[in-house]
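Notes follow the structure.
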Amino acid sequence: MFEKMIETQTKKQENKLERWMKKHDSEHPFPDDVVLHENIDYIGDGKACHMMDVYIQNKNEKETGKLLPVLINIHGGGFLLGKKEVNRLFCADMCQRGFAVFCLEYPLVPEVNIFEIFRDLTVGINNVAGLAEDFGGDPERIYLCGDSAGAYLCVYLAAMQRNPDMAKVAKVPKIVPEVKALGLISGMFYIHKPDNIGFFMPKLVYGKNWKKEPFAPYTDPENPGIAGKGNLPPCFILTAKGDFLRHYSRNFAKTLKKNGCEHTLLDITGEQKLPHAFSAMFPELPDSQAANEAMAEFLLKH
């Protein structure tokens with residue numbers, strides 16, 4: 001009964017997302033100065049969930065002699081839905097700010113669990129590093145950014161790179177290129193809390209007996225093995241009034257501050273409410289433009 005309810009609600013949200021994308025894309029055309037290379041297989045099995053899109057500015061299509069920093073984007077959707085195309089205009093926007101942008105698709109729950117997602121994205125990140133120079137990107141300057149569930153994935157993937165014990169428990173291989181910094185938009189960091197998300201998400205994401213599994217301590221993102229000093233690269237955290245997960249970003253930023261982790265929290269408190277993941281979903285908004293510029297500046301400092 002529970003699984004059927006989740007399936008029904010997910011389908012409704014997928015249909016709603018498709019309608020929104022069609023309308024939004026028709027109102028905001030793709031920029032002429034960005035070249036999009038679609039559906040490159042980052043694992044080699046031909047599955048749609050293992051494709052990535054690459055965004056390069058026109059002027060960088062030809063050899064310029066200068067490699068660009070690489071931004072790997074991971075979309076949100078609560079692990080249940082979403083797809084890389086939702087972030088198409090955001091990726092183009094970040095491309096225009098000086099990055100070679102790689103947007104990775106990944107499989108969704110409940111067809112897979114979170115550990116399979118971790119493993120697939122790890123392969124994807126390693127392969128991006130190997131392919132980066134083919135698209136004018138610098139494999140020595142790799143950054144991760146994500147919105148909502150994508151922000152969670154960025155945090156956990158980066159933490160496992162620096163915490164071998166955590167990676168071992170999750171059975172996730174090593175991310176080879178050093179992740180220099182993270183951009184975290186409206187992060188869905190806390191899926192273990194007893195709230196509307198924590199009520200049903202842990203079983204879907206971690207498995208039915210998740211509390212008894214070795215990974216259980218790491219389901220709390222405030223665990224020192226994740227948010228302790230030295231276990232994460234510098235983090236840019238973005239939220240705003242109107243973001244229904246605003247308290248998640250604020251709480252995570254407080255934890256990083258308490259632990260002495262380098263980070264910046266941009267919490268927009270203007271008169272106008274902004275939706276969840278606004279800078280990724282609506283990059284054309286003035287507040288989104290300012291936020292994306294601030295995130296780009298933060299990342300490029302590291």
Any chance you could lay out the side chain to side chain contact (heavy atoms under 4.5 Å, CB included) test for Leu104 and Val128, step after step, and finish with the verdict?
-> CA-CA 10 Å; Leu104 275 59; Val128 165; 4.0 Å; yes
Start with the C-alpha distance between His24 and Phe282, add both sets of side-chain angles, then the distance that settles side chain to side chain contact (heavy atoms under 4.5 Å, CB included), and finish with yes or no.
-> CA-CA 9 Å; His24 187 258; Phe282 303 94; 3.9 Å; yes
Steps toward side chain to side chain contact (heavy atoms under 4.5 Å, CB included) verdict (Phe90, Asn73) | CA-CA 9 Å; Phe90 167 75; Asn73 178 245; 3.5 Å; yes
Between Lys22 and Glu18, does a salt bridge (charged side-chain N to carboxylate O under 4.0 Å, His left out) hold up when you go through it step by step?
-> CA-CA 6 Å; Lys22 185 176 181 180; Glu18 287 293 336; over 6 Å; no
Please test Asp41 against Ile43 for side chain to side chain contact (heavy atoms under 4.5 Å, CB included), starting from the C-alpha separation and ending with a verdict.
-> CA-CA 6 Å; Asp41 192 337; Ile43 282 186; 4.2 Å; yes
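Judged by distance alone, the side chain of His192 and the main-chain N or O of Tyr190 form no donor-acceptor pair under 3.5 Å. With hydrogens and angles ignored, the 3.5 Å screen pairs a side-chain donor or acceptor of Thr255 with a backbone N or O of Asn251. With Asn259 contributing its side chain and Cys261 its backbone, the two residues share no donor-acceptor pair below 3.5 Å. When atom types are taken as modelled, the side chain of Lys171 and the backbone of Phe115 share no donor-acceptor pair closer than 3.5 angstrom. Formation of a donor-acceptor pair under 3.5 Å by the Ser148 side chain with backbone atoms of Gly76 is not found in this model. Between the His50 side chain and the Gly46 main chain, no donor and acceptor come within less than 3.5 Å of each other. Looking at Tyr152, its side chain never comes within 3.5 Å of a backbone N or O of Asp147 through a donor-acceptor pair. The main-chain N or O of Glu284 is never found under 3.5 Å from a side-chain atom of Ser288 such that the two would form a donor-acceptor pair. A donor-acceptor pair is defined here as one N or O able to donate and one able to accept, closer than 3.5 Å; no such pair exists between the side chain of Asn87 and the backbone of Ala280. A donor-acceptor pair under 3.5 Å is absent between the side-chain atoms of Asp120 and the main chain of Gly124, judged by distance alone.
Side chain to side chain, Gln289 and Asp93 meet the donor-acceptor criterion of an N or O pair below 3.5 Å. No side-chain donor-acceptor contact under 3.5 Å links Thr239 and Asp267. Side-chain atoms of Glu85 and His75 include no donor-acceptor pair closer than 3.5 Å. For the residue pair Asn231/Asn163, the side-chain donor-acceptor check at 3.5 Å is not satisfied. Checking Lys84 against Asn39 by side-chain atom types alone, a donor-acceptor pair falls below 3.5 Å. No side-chain donor-acceptor contact under 3.5 Å links Gln96 and Tyr55. Under the 3.5 Å distance criterion, with hydrogens and angles disregarded, no donor-acceptor pair is assigned to the side chains of His37 and Asp53. Using modelled atom types, one finds no donor on one side chain facing an acceptor on the other under 3.5 Å when comparing Asn58 with Asp33.
The aromatic rings of Phe215 and Tyr206 are tilted relative to each other, their planes meeting at an angle between 30° and 60°.
Note on Glu293 versus Arg97: salt bridge recorded, some NZ/NE/NH1/NH2 to OD/OE distance being below 4.0 Å. Salt-bridge check for Lys180 with Glu178: passed, with a basic side-chain N closer than 4.0 Å to an acidic carboxylate O. Salt-bridge annotation for Glu262 and Lys257: absent, with no side-chain N of the basic residue lying under 4.0 Å from a carboxylate O of the acidic one. Taking 4.0 Å as the cut-off between side-chain N and carboxylate O, Arg141 and Asp138 count as a salt-bridged pair. Using a 4.0 Å cut-off between charged nitrogen and carboxylate oxygen, Lys301 and Glu297 do not count as a salt-bridge pair.
In this structure, the side chains of Ile185 and Cys145 stay at 4.5 Å or more apart for every pair of heavy atoms. In this structure, Phe102 and Cys91 have side chains that are not in contact, with every pair of non-hydrogen atoms separated by 4.5 Å or more. Looking at heavy atoms from C-beta onward, Phe189 lies out of side-chain contact with Glu222 at the 4.5 angstrom threshold. At a threshold of 4.5 Å between non-hydrogen side-chain atoms, the residues Val123 and Asn126 do not count as touching. Taking the side chain as every heavy atom from C-beta outward, Thr264 and Ile237 never approach each other to under 4.5 Å. Counting heavy atoms from C-beta on, the side chains of Leu131 and Tyr42 never come closer than 4.5 Å. Looking at Val205 and Ile191, their side chains come closer than 4.5 Å, going by heavy atoms from C-beta outward. Leu182 is not listed as a side-chain neighbour of Phe236, based on a closest heavy-atom distance of 4.5 Å or more.
In the hydrophobic cluster analysis, where Ile, Leu, Val, Met, Phe, Trp and Tyr join through side-chain heavy atoms closer than 4.5 angstrom, Val176 is grouped apart from Leu232. Note on Met51 and Val35: separate hydrophobic clusters, where clusters join Ile, Leu, Val, Met, Phe, Trp and Tyr whose side-chain heavy atoms are under 4.5 Å apart, directly or indirectly.
In this structure, the separation between CG on Leu144 and CD1 on Ile125 is 5.0 Å, given to the nearest 0.5 Å. In this structure, the separation between NZ on Lys11 and CG on Leu81 is 10.5 Å, given to the nearest 0.5 Å. Between Gln13 atom CD and Lys16 atom NZ the span is 5.5 Å, to the nearest 0.5 Å. Taking OH of Tyr156 as the start and OG1 of Thr219 as the end, the distance is 6.0 Å to the nearest 0.5 Å. The distance from the CG atom of Asn113 to the CZ atom of Phe118 is 9.5 Å, given to the nearest 0.5 Å. Put simply, CG on Asn127 and CG on Leu121 are 11.5 Å apart, with the number rounded to the nearest 0.5 Å.
Closest of all the heavy-atom pairs between Leu265 and Ser249 is CD1-O, 4.4 Å. Of all heavy-atom pairs spanning Phe298 and Ala181, the tightest one is CE2-CB, 4.4 Å. Nearest approach of Phe79 to Met201, heavy atoms of both residues: CD1-CE, 3.5 Å. Nearest heavy atom pair, residue Leu108 against residue Leu80, reads CD1-O, 3.6 Å. Contact record, Ala149 with Gly78: CB-N, 3.6 Å, taken as the closest heavy-atom pair. Of all heavy-atom pairs between Pro177 and Pro139, the closest is CB-O, 4.1 Å.
For Lys241, the NZ atom sits in a packed shell: over 12 heavy atoms of surrounding residues, nucleotides or ligands are nearer than 6.0 Å.
Each of Pro233, Cys235, Pro234 was scored for a side chain to side chain contact (heavy atoms under 4.5 Å, CB included) with His263, with one residue passing: Cys235.
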